[in-house]
Every structure is written in structure tokens, then in C-alpha cells.
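Numbers here are sequence positions counted from 1. Hydrogens, waters and symmetry mates play no part in the numbers below; they use all other heavy atoms, side chains included.
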Amino acid sequence: MEFLVASTIGILTAGGIYLTLRLRTFPVILGVSLLTYAVNVFLFASGRLTVGAPPILQDGVSTYTDPLPQALVLTAIVISFGMTAVVVMIGLGAFLGSDDDHVDDQSQTDEDRSEGAS
């Protein structure tokens, strides 16, 4: 079980870094989302991976799951959903304003080229 979770975290992180380095708006948003999911799974796994254990300590229960990572992951999911919506709107506004979805600053390079030509 630990190997499966560790492999999933590694694959999500590698995919997120790859997509973040693509320098296009939509793949960067997907890459940041994958990195967020990797962090969420890592936080969730830090609370001991146990199957069928209650999240609180009760009488007669010897093993339980730590509820703090579950609360942190739930909060992180809500925050990442809101931030993804904000970033999508910013990216959409930038695309509609310049008809280009590159992440790097194209206007600065165009100004440098025009100064060099004159």
C-alpha cells in the first residue's frame, strides 16, 4: 500500500512539473493542479495509512487514523479549487487580451527587438 501511494505521489509530481514547464497557460494550470493533488495525497498519507480505522479514539479501539491530515487536506481541496478558478479566469483574460497563451512576457521581447532594429 505504501509503495502504491508513494508511486502515485511521484507520478503526480513528475507530471505536474512537466506540465508547469510547458509555458502555455492551460498546461501550466493543469500542472499546478497535479502538484496540488500530489501535496494533498502526501498530507493524507502522513496521517498513517490504515484501512477501516475510525478517525477518532474511542473506548475499545486500539488503532485510529489521525484526523488532522484529513482536515488539512479537506481545507486544501477547497482552497485549491478557488485558486484554480481564479487562475483560469486570469489566464482566459490574458488569452483574450493578447490572442496568445504563452506564459512568458511577449511584449517585453517585442520591444527589445524593435529597439535593436532602429
Side-chain angles (χ1 to χ4, degrees):
M1 174 91 135
E2 289 85 8
F3 178 74
L4 179 66
V5 172
S7 298
T8 303
I9 293 171
I11 289 170
L12 286 173
T13 303
I17 290 173
Y18 174 75
L19 287 174
T20 303
L21 295 175
R22 298 283 298 167
L23 294 179
R24 295 273 189 188
T25 304
F26 189 66
V28 167
I29 293 170
L30 286 179
V32 170
S33 295
L34 283 179
L35 286 173
T36 303
Y37 295 147
V39 169
N40 287 342
V41 172
F42 176 73
L43 283 175
F44 192 71
S46 70
R48 284 181 278 167
L49 297 173
T50 56
V51 178
I56 56 175
L57 188 59
Q58 299 172 346
D59 292 334
V61 175
S62 60
T63 61
Y64 69 97
T65 305
D66 189 12
L68 183 63
Q70 295 176 12
L72 289 174
V73 167
L74 183 61
T75 305
I77 289 170
V78 172
I79 291 171
S80 68
F81 178 74
M83 288 306 298
T84 301
V86 168
V87 170
V88 165
M89 292 308 296
I90 290 172
L92 185 61
F95 174 72
L96 294 176
S98 66
D99 291 332
D100 192 16
D101 67 340
H102 278 91
V103 175
D104 57 342
D105 190 16
Q106 292 293 324
S107 61
Q108 181 70 23
T109 6
D110 292 339
E111 290 174 2
D112 291 341
R113 287 184 200 151
S114 64
E115 288 177 6
S118 48

| said: Who clusters with M83? Use side-chain heavy atoms, under 4.5 angstrom, across I, L, V, M, F, W and Y, and order the result by chain and number. | reply: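 In the cluster with M83 are I79.
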Does [X] share a hydrophobic cluster with [Y], counting links as ILVMFWY side-chain heavy atoms below 4.5 Å and allowing steps through other members?
| X | Y | answer |
| --- | --- | --- |
| L43 | I77 | yes |
| L12 | Y18 | yes |
| L4 | F42 | no |
| V86 | V28 | no |

Task: Note, I29 side chain near T84 side chain (heavy atom, < 4.5 Å) - done: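 Touching, per the 4.5 Å side-chain cut-off.
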Output the distance between atom CZ (F44) and atom CG (L74), rounded to the nearest 0.5 Å.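 So the CZ of F44 and the CG of L74 are separated by 10.5 Å.
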Donor-acceptor contacts under 3.5 Å from residues 34-41 side chains, at least two apart:
from: T36; atom 1: OG1; to: V32; atom 2: O; distance (Å): 2.8
from: N40; atom 1: ND2; to: T36; atom 2: O; distance (Å): 3.4

